[in-house]
Engineer: 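My questions will all concern the structure given below.
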Amino acid sequence: MGVLMSKKQQVEKVQKCNAVVSAFQSGMKDRPLAAKLAEAPEDSDKPGLSPNSPTEESKTNEKTEKSEAELTAAPSTSQQCSLPGREECKVNQESWSRLRDGKGVEPEDLDKSHQLTPPAFVRPKREADDAQPLDIELGITEQPPSDEICDVCEVWTADDLYPCRICTRVFHDGCLRELGYLSTEALQEMRDTAHTVTGWSCYYCDNLNLLLTEEEMYSLMETFNQCKIIPESCLVSDELLQYRHFVSKQQFDKDLTDEQEEEVLAQFSALDPNKKGHIEWADFLYFESLAVLRKLRTENSLVRLLTGKERDKARSVFMSLDKDGVITRAECRQAQQSWFQKGTEDSQSCNVSISHVGPICESSPASSGSDRSKTDDNRPVTWADFLKDSAIYILAARPNSSAMHIRMPL
């Protein structure tokens, strides 16, 4: 079968082959010594030479034996340099074998101890034009293609690559298991959903906290430290209430009301969909990260965080409701709920209730409840406004977790 290779891959393979040839040439320099040792017995059988006579050849042999002993005790520099080349050659042979037949050995069987190192996550930096509007056409779909090779081992295979539904990265399940980022259950979930309509988010896109800048993350960690929140630990309802009281006291200089405490408990339930009695650290962190984004970023800045795949999905949803280039405010709220239909049969339907999402914040469309006027429901919403209003919801739907990360306190 045919093999697809990018230009970058071809250049890398040529460079690796050059390194192997150089190592082979270095090893050849040691061969003349071995050849002389092999010719020495033949010279001793020549006529006119006594076996016991101290000839030049015997003296040379003695020197050779000494040199050989020294070489055995300490390998030469060229031999030492050729060892990494041989190891690299073995890796190249495995990779070429895999490329040749489309599969070769499985990714987990490759010796990648020198390759599988956890990536260094680099936090983004806000640009000067971050708050400026971004011109995104409604009628032009982007359809970004997925990468050709695994993001971890950089090996191409024909069929067993799992794509991320948010970005263009693809992965081997074996590579993710060796990295230790996914548990057995999470790996099985990836295999079951990555190639379906629901899709699967990679460990880059699943982690909403990576959207924060260094300054934003520092501010959030300061709040955690002041409230004595222990990172990587689960939180029970009393701890979440205590944390919310602290934040309210710090920001508004007043305690939560009874109504606000009920809202926090409802928030706890949304973050604990499996009713374990506690919320996972990752879900709590993602929730707080979204709160920081909602507080410190403009709507245009949030739109700039969306990927091509997310913008295409937003186009699809808007155009399914589009009437002469606009939709109503009620349809906009209805569409926003579609981002959270993960793992259900209604994942492509927008005709679901938004009631279980709960209020987002005081300025949110969902916060006014039954007091929302019909005039507001019928207010027209353009494509640009729809994208700005929906950006925070689209980002909140990235994690694979079934917890609802967008529910904000009143």
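These figures come from a predicted structure and were not determined experimentally.
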Engineer: Centroid separation under 6.0 Å, is that true for the rings of His405 and Tyr286?
Structural biologist: yes
Engineer: Is it true that a side-chain atom of Asp312 and a backbone atom of Glu142 form a donor plus acceptor pair closer than 3.5 Å?
Structural biologist: yes
Engineer: Would you mind writing out the side-chain donor-acceptor pairs for residues 219-234 within the sub-3.5 Å range, not counting sequence neighbours?
Structural biologist:
residue, atom, partner, partner atom, Å
Thr223, OG1, Ser219, O, 3.2
Asn225, ND2, Met221, O, 3.2
Gln226, OE1, Gln250, NE2, 2.8
Ser233, OG, Ile230, O, 2.4

Engineer: Taking the basic N atoms (NZ, or NE/NH1/NH2) and the acidic carboxylate oxygens, is any pair closer than 4.0 Å for Asp389 and Arg329?
Structural biologist: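 Counted as a salt bridge, because a side-chain N and a carboxylate O are separated by less than 4.0 Å.
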Engineer: List the steps and the verdict of salt bridge (Lys or Arg N to Asp or Glu O under 4.0 Å) for Asp272 and Lys276.
Structural biologist: CA-CA 7 Å; Asp272 181 27; Lys276 297 179 180 179; over 6 Å; no
Engineer: State, with a plain yes or no, whether a side-chain heavy atom of Val381 is found less than 4.5 Å away from one of Val326.
Structural biologist: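 Val381 does not reach Val326 side chain to side chain.
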Engineer: Taking Leu285's backbone N and O only, do any of them form a donor-acceptor pair with Glu288's side chain (distance below 3.5 Å, no angle check)?
Structural biologist: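 No, because the side chain of Glu288 does not come within donor-acceptor range (under 3.5 Å) of the backbone of Leu285.
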Engineer: Output, in order, the C-alpha distance, side-chain angles, deciding distance and verdict of salt bridge (Lys or Arg N to Asp or Glu O under 4.0 Å) for Arg315 and Asp322.
Structural biologist: CA-CA 10 Å; Arg315 288 187 181 94; Asp322 183 14; over 6 Å; no
Engineer: Mark yes or no for whether Ser390, through its side chain, and Tyr393, through its backbone, hold a donor-acceptor pair below 3.5 Å.
Structural biologist: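 Judged by distance alone, no pair lies under 3.5 Å.
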Engineer: Quick check on side-chain hydrogen bond (donor to acceptor under 3.5 Å, both in side chains): which of Gln260, Glu263, Glu261, Gln267 does Arg244 satisfy it with?
Structural biologist: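 Answer to the side-chain hydrogen bond (donor to acceptor under 3.5 Å, both in side chains) test with Arg244 among Gln260, Glu263, Glu261, Gln267: Gln267.
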Engineer: Is the side chain of Arg304 donor-acceptor paired with the backbone N or O of Asp130 at a distance under 3.5 Å, no angle test?
Structural biologist: yes
Engineer: Determine whether Leu235 and Glu280 make a side-chain contact, defined as any pair of heavy atoms from C-beta on separated by less than 4.5 Å.
Structural biologist: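 They are not in contact (no side-chain heavy atoms under 4.5 Å apart), so the answer is no.
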Engineer: Between Tyr162 and Arg191, is there a cation-pi geometry (under 6.0 Å to ring centre, at most 45° from the normal)?
Structural biologist: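 No, Arg191 and Tyr162 do not form such a contact.
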Engineer: For Arg398, is there an ion pair with Glu310 - N to carboxylate O distance below 4.0 angstrom?
Structural biologist: yes
Engineer: The test is side-chain hydrogen bond (donor to acceptor under 3.5 Å, both in side chains); show your working for Arg123 and Asn209 and say whether it passes.
Structural biologist: CA-CA 9 Å; Arg123 293 196 172 276; Asn209 182 253; 2.6 Å; yes
Engineer: Would you sort out whether Asp192 and Gln188 count as a side-chain hydrogen bond (donor to acceptor under 3.5 Å, both in side chains), showing the intermediate values?
Structural biologist: CA-CA 6 Å; Asp192 294 340; Gln188 188 58 46; 3.0 Å; yes
Engineer: Got a donor-acceptor contact below 3.5 angstrom from the Lys309 side chain to the Cys167 backbone?
Structural biologist: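 Yes; at least one donor-acceptor contact below 3.5 Å.
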Engineer: How would you list, by chain and number, every residue that makes a side-chain hydrogen bond (donor to acceptor under 3.5 Å, both in side chains) with Ser248, sequence neighbours excluded?
Structural biologist: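 Ser248 satisfies side-chain hydrogen bond (donor to acceptor under 3.5 Å, both in side chains) with no residue once adjacent residues are dropped.
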Engineer: What's the separation between atom CG in Leu211 and atom CG in Leu290, rounded to the nearest 0.5 Å?
Structural biologist: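 So the CG of Leu211 and the CG of Leu290 are separated by 8.0 Å.
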Engineer: Under a 3.5 Å distance rule, please check whether Thr213 uses its side chain to pair with a backbone N or O of Lys125 as donor and acceptor.
Structural biologist: no
Engineer: I'd like to check Asp173 versus Met190 (side-chain heavy atoms, cut-off strictly below 4.5 Å). Are they in contact?
Structural biologist: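 Yes, their side chains come closer than 4.5 Å.
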